[in-house]
8 protein chains.
Amino acid sequence: MNKEYLTKLLNDVKSGELEIDNAIEKLKTLPFEDIDFCKVDHHRAIRQGVPEVIFCKGKAPQHTAKIFEKLITVNPIVLGTKADAVTFEEVKKLIPHAVYHSSAQIITVGDIDSIPKKGNIIVVSAGTADIPIADEAYIVSLALGNNTERVYDIGVAGIHRLFASLDKLCSANVLIVVAGMEGALPSVLGGLVDIPIIAVPTSVGYGANFNGLSALLTMLNSCASGITVVNIDNGFGAAYFASMINK
Amino acid sequence: MNKEYLTKLLNDVKSGELEIDNAIEKLKTLPFEDIDFCKVDHHRAIRQGVPEVIFCKGKAPQHTAKIFEKLITVNPIVLGTKADAVTFEEVKKLIPHAVYHSSAQIITVGDIDSIPKKGNIIVVSAGTADIPIADEAYIVSLALGNNTERVYDIGVAGIHRLFASLDKLCSANVLIVVAGMEGALPSVLGGLVDIPIIAVPTSVGYGANFNGLSALLTMLNSCASGITVVNIDNGFGAAYFASMINK
Amino acid sequence: MNKEYLTKLLNDVKSGELEIDNAIEKLKTLPFEDIDFCKVDHHRAIRQGVPEVIFCKGKAPQHTAKIFEKLITVNPIVLGTKADAVTFEEVKKLIPHAVYHSSAQIITVGDIDSIPKKGNIIVVSAGTADIPIADEAYIVSLALGNNTERVYDIGVAGIHRLFASLDKLCSANVLIVVAGMEGALPSVLGGLVDIPIIAVPTSVGYGANFNGLSALLTMLNSCASGITVVNIDNGFGAAYFASMINK
Amino acid sequence: MNKEYLTKLLNDVKSGELEIDNAIEKLKTLPFEDIDFCKVDHHRAIRQGVPEVIFCKGKAPQHTAKIFEKLITVNPIVLGTKADAVTFEEVKKLIPHAVYHSSAQIITVGDIDSIPKKGNIIVVSAGTADIPIADEAYIVSLALGNNTERVYDIGVAGIHRLFASLDKLCSANVLIVVAGMEGALPSVLGGLVDIPIIAVPTSVGYGANFNGLSALLTMLNSCASGITVVNIDNGFGAAYFASMINK
Amino acid sequence: MNKEYLTKLLNDVKSGELEIDNAIEKLKTLPFEDIDFCKVDHHRAIRQGVPEVIFCKGKAPQHTAKIFEKLITVNPIVLGTKADAVTFEEVKKLIPHAVYHSSAQIITVGDIDSIPKKGNIIVVSAGTADIPIADEAYIVSLALGNNTERVYDIGVAGIHRLFASLDKLCSANVLIVVAGMEGALPSVLGGLVDIPIIAVPTSVGYGANFNGLSALLTMLNSCASGITVVNIDNGFGAAYFASMINK
Amino acid sequence: MNKEYLTKLLNDVKSGELEIDNAIEKLKTLPFEDIDFCKVDHHRAIRQGVPEVIFCKGKAPQHTAKIFEKLITVNPIVLGTKADAVTFEEVKKLIPHAVYHSSAQIITVGDIDSIPKKGNIIVVSAGTADIPIADEAYIVSLALGNNTERVYDIGVAGIHRLFASLDKLCSANVLIVVAGMEGALPSVLGGLVDIPIIAVPTSVGYGANFNGLSALLTMLNSCASGITVVNIDNGFGAAYFASMINK
Amino acid sequence: MNKEYLTKLLNDVKSGELEIDNAIEKLKTLPFEDIDFCKVDHHRAIRQGVPEVIFCKGKAPQHTAKIFEKLITVNPIVLGTKADAVTFEEVKKLIPHAVYHSSAQIITVGDIDSIPKKGNIIVVSAGTADIPIADEAYIVSLALGNNTERVYDIGVAGIHRLFASLDKLCSANVLIVVAGMEGALPSVLGGLVDIPIIAVPTSVGYGANFNGLSALLTMLNSCASGITVVNIDNGFGAAYFASMINK
Amino acid sequence: MNKEYLTKLLNDVKSGELEIDNAIEKLKTLPFEDIDFCKVDHHRAIRQGVPEVIFCKGKAPQHTAKIFEKLITVNPIVLGTKADAVTFEEVKKLIPHAVYHSSAQIITVGDIDSIPKKGNIIVVSAGTADIPIADEAYIVSLALGNNTERVYDIGVAGIHRLFASLDKLCSANVLIVVAGMEGALPSVLGGLVDIPIIAVPTSVGYGANFNGLSALLTMLNSCASGITVVNIDNGFGAAYFASMINK
């Protein structure tokens, strides 16, 4: 898929510098490093020009720490999402300057503030219980090089607060809207603004909320235009997508 | 449970007018009439002082027609809900002055306009596709003797219309709010008004709407206070409950 | 939306006391206070004339305690629902006279008994395991200024007890009926009384109960009239709605 | 499994009348007849001493008719359940004296009245829309040789009717209780009588009924003792089980 | 509903021994005792002639202990089902001779062995992990006065063991068949024996088992006749129903 | 929300040209037209600068036709999505130059080709059965003024075709990826390209597809970054969102 | 991926016969033909050495017919699965010698009998209603060159028939076991034989069968070893996989 | 079912060495040992020629340990799957040379390396969090006597790694493909290779993953041929089935 790489390879074949059998091998194999429990993909990080992000949930803390150690050798900024305090302790042992953002459950290595920022993304949340997911989106968005602001706690139960924030919201290129329970906030905003909205359902709620299913279905069925949805509690995915649009 | 009835019965026992065995029989049995396919409950109609309502869905049209014929001998107003055109044809054969409200899928026998009206119920609907259920609630509400108004098509996708109607909505004793798709309208209204809201999810929508499940869950999980919910597409139930409150 | 406010504002514009640009700002912004983790809405509390209620679940105990501290400066009565013992400990540190109702999982600050009471709400529960949710409804109902009574443990498995309580139940303006497992109690009561019933499904049960889904579906599908439903375990919501009707 | 059969077989082996290889064959094979599209099991019919019952749904009408024709050569009474009118037309072509019970969707061949009856089963239904399934149970129960009565339309929404029928219900050995919508009737009866109840949920209802799921979950979660449940709309299964108990 | 009671009452009215107002009161009220957290129903226990059974799950251990204390004053045998070790400790404090059957999670007070036994119930289980629920059914069945045997670990994965047990199974009046995972055992037995089978799905399994849903659906859809189903993990309910049949 | 409007209004108040009471009325009401069955929102169309789009499903064909007639008086381009042939016939009666795109189930009035186009959106589909939804997205995207191309039938079962199209796909600003059955295509593309992907699950499939649930869950859970999801079969929503990004 | 192809290409580059730019193009593109509505993949058919199979459901009949016409130019045997009679009529217009297997809902073009057969696959079905899916598996299996037999109607409700067939079943290399309703047959067979079983749940059943979900979950949760599962009603997939094993 | 056994038995009957009554007993009973809490099935182990495998989840650790102790007397290799550390501690007390594979959650007794290996199975996993289930499959596959390799962490989000491994994968007789989250890997591999694929969905993920439902549905709906599915997290089942094919 890389034209220069293929051109050089074929030139080497033509010139005889490269054996045909070796060329076939190279055509089949893309470079990646082996470590014993997983194959870290530097290639992808470089190709996409973004900090490397590790999804920590379900990984053993020591393994996560080793992946961090490996990645910081080739990447100035590394993030770990859905990271609990135990994982952070392990990472800190290997990388003392790692930072833990406890609300967002994110570990960062490297200086996020130093990354040049562009555009304007606003992260909106409906209730105080949605803040952890909103903060996940906020920190990832910053780390991906976006000017990012937070407008929290403007759920539809107190709609006048939402109106008080409208002017500010209208200045964004993209809105990330985080809401649990009935998840109606993206629909309401979608009826008021003409900006792409990425809706993030959260698992906040109880009873017939069914761990976020309620908010997810609400957002998917929104009768307002200009809304797309990511997985329940997926603040990272929303920020990544928003960053693509913002740039 | 009826004190006068029991007092008379016991007096008759005391005076010897009533045999004890007969008294026992009477104590065990409440009056109701048998017809061959179902037992119509005049007693309930009288006790509750409301028009009799027949749920037509799943009943054979001829049976429904016969129930109508039976009931109009003792009740000036009889309604049939969830009635299709075929059922209406059968009813019309036996009761030529029956009327069919096709949008609401309601058959009425008797003059609803003549019923004295009290209070103020407003039926609100989110989209044009929700109108059949909203109309079901509207006609039932009138038939139960409530002043009833309609404010339709003020869904959250065009929230400025909702605001234009707020003054009117604030005049109601009860709001019946009918919405399909994401069903966010009751939440939004619940954040704006201090009036009891009966939320009616509809099966309007497609895809991850799952026949109204989406709107139902949204309404049950509403973070606004002052909202209760009835079954999907249950315009009748909402109107009946609203009528109880309104009076 | 507030006529007096708007009248004054426009008069001030007319008289020149208020600059047009400032007037535009005011028209767009409604007053609310910022605290660093959430925006507490005094405005709503005042407008609705009710004690402020904090939903504690999913909030960090310290944050909840700070919200309590903030709110009691402007509101004589503050409640926290779905509050665990840990949260109460934090609240108690800041507000020593806070009270914990452990069955109901409610923290109260201020004297609920001193609130003048009106009307008559009865909270009915089906089984002893439903008592926590019934108690949540009971305490909230009192705090909202309603005469409130409890009739507990009259589930359909022992229907004669229910009959023994019927006279009392018939004296209520509204019934809050709390039931888990099969959740049939509201249906049975709805066939016996002519009083609005707010049905509260609970997550009590096991197996095919699916955390309250069973009771929820039963209540939504009730063939008795005069029943509406709130979320699973939502004693607060039922009491709030009942209070609206009772007044 | 059949002791006489095995004894004879082994005696024949001992006496030399039966070759060992043939004996092995016989030990492995139980008698059944082949017809080209299915294997009809006379053996089972005879062993269980009951009329043969064909489940017609999902079978081609002509095939069903041929199975009927085959079975009546060895069985005086044959039933077809969940049979539509088209299937009946095909059966009638081959067996002119076949009878169609349209409400119950059952085809019968042979005289059910002539079967000697024992015991006492009562089929109870909650609403008129549940009658088809109740009738399926009723006819199957008769065909299996049980005295069977019907008490219909005594749903919980009109609980006084239920009480009026209690004496009669108390005379049964088994109750088959058929109910759709919220399906609360078995729970209520289970709290009143000390008789085994077989609960049959029906798919009658709409909205959050989810084709009978609501009634099914209600019945499975009943807090009353003495209730078991069969599949949604399975009137046949309930009657078969009731018949086992009744005898 | 009690003829002697009513006859005496009416005779007393006739003779003037009972005032009519008092008679009305009596007709409305059935006797039951109040304790402060729940209403224990001695009446039911006596009417049904069975040991009292307390469902312990979801009740506070101290409350459960007090209910035990109360009930043993009027009932020689009291059982507590779904009881954990903590609850047992509380009960033991008040009733030192209480016994804990840890596999079955049942507390018993009183001598089950001394109860006269009738008939023959066999409890069958598919796998070793199903034993707790099977044991719950076993102990309840004994306590209700049934001769009861256990045939465990004969799941369909080793169907030859099942065949080895067939003769014994055929001697039962009722089979209680307990199975988790795919729950196929009742279907297989239903094809082999002509005895009523009460199927008990368990929550044993993982993955697409969905906490017992898999076994529940299998049992409800069984194509074998003579099977009914109780709730997931409801060993008590199966034993209670089996006992009704056995007697 | 409209600064010029507010400025003029307040100036008019200041100058005395506008009575304060009239000003209050104007501040509360936004302009919209009433037609008897629904309120068409010209305002929104104008504000958002896009063709008006009518969601036809669930609307009566005659009503839809009248909405079309109304809208074309103020909007050069009007679309109707999810429109069946019957609806088109009604629209054609009133607007003879209406065009029906049968694969996409879209009615258009006005010349889509004449709209100036910008940017580059590519609509990708996995299988031939997904084409109707892909075509819905395609036509809506064109109507909203986007250069739009189609790359169809490159599902993961024949992944070499996908690779053959990669160069073309890489030229897009946004990809709309339409897939039913297992819905894996967006995940695969998300691993290959660095372009925002809007994933559209379709209801194509059978069995455990559950009307699109399978594809929906796949897309929501994608481990590739840069993917968001719209409702099942919501080609319109995907195109609308893509258009926002593309511009 | 094709070594010969790559070797030749690189040799051509080396020899100068192929320009490097052209080589790059070829490396990126695999051959496939365009037809206007879909891209037929001859390449796959040839590579996998199997008859081409068209999934007809959800495709327009005329399109299906054209795909048939296209494919028979390069493939001696073409099958269409899930094909209804209308589709067959369209295919027959273009290909008069096409054959319709109505039970299996399969269209075949070309002589399946002429294909050389290997190994031994047996298709087992539980009930007569499962035959269509079993026949789909049977015909596909033959078309893929496998000796294939059918053993139908040996469901667990009549387990002695199953035992009568055991010897035959034991001769297979692979069993395809098709079952609806409770779907227990694969589990039972898995406990009896040591042969790979491919379980095919069908949508046959009603009520809590939920369109095949019941059988699907049963099969996935089987406690017998040696069972894998395909989609509900996916006879084709089972035959394809079985064919891979058989060879 | 065992011909030699039956032949000998019948010969003994013929010769008079065996009484007919004893022969009948033997024909009914297959040998198995009783231990007090479960019946261990040596017979099956021997007949199927495989190491005995104990499913440890849901069994009390001491019981599991005793089953191990029992089985190692007759079987050189015994495995325990889904075994936690506590269970291993108990097993180790009785069998000091037991080994715990913590990633795979497997206890082994006996030397797996000494088992002769055949064929070639490759276990593929999509992400690092899927490794425990992949390792379960890997160790079971080895224990069943298969040459087994691992290719881990080649999920579709980094599809170039997958291509780098293709040559190796093509050398397998069977692929076991383990994937959580969206579970797309089997579909992608199924489009690339002509080898039977056994897909293992895992419960890895969060939100709308619903504990593995997402991956399960994806795999069942795969549009690629040659894929079958086992239960969520069922690494054992996949390895057992793969072993059957491999041999």
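Values below: all heavy atoms of this structure, side chains included; hydrogens, waters and symmetry mates excluded.
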Specify which of A215(A), G127(A), G155(A), S214(A) makes the most heavy-atom pairs with chain B at under 4.5 Å.
-> S214(A)

Closest heavy-atom pair, N221(B) versus A208(A), reported as atoms and distance to 0.1 Å, is ND2-O, 3.0 Å

Are side-chain heavy atoms of L217(A) and N209(B) found at a separation under 4.5 Å?
-> no

Atom group of F210(B) that falls short of 4.5 Å from chain A, counting heavy atoms | side chain

Ranking L189(B), L185(B), L220(B), V188(B) by heavy-atom pairs under 4.5 Å to chain A gives rank one to V188(B)

Under 3.5 Å: donor-acceptor pair, side chain of E182(A), backbone of S187(B) = no

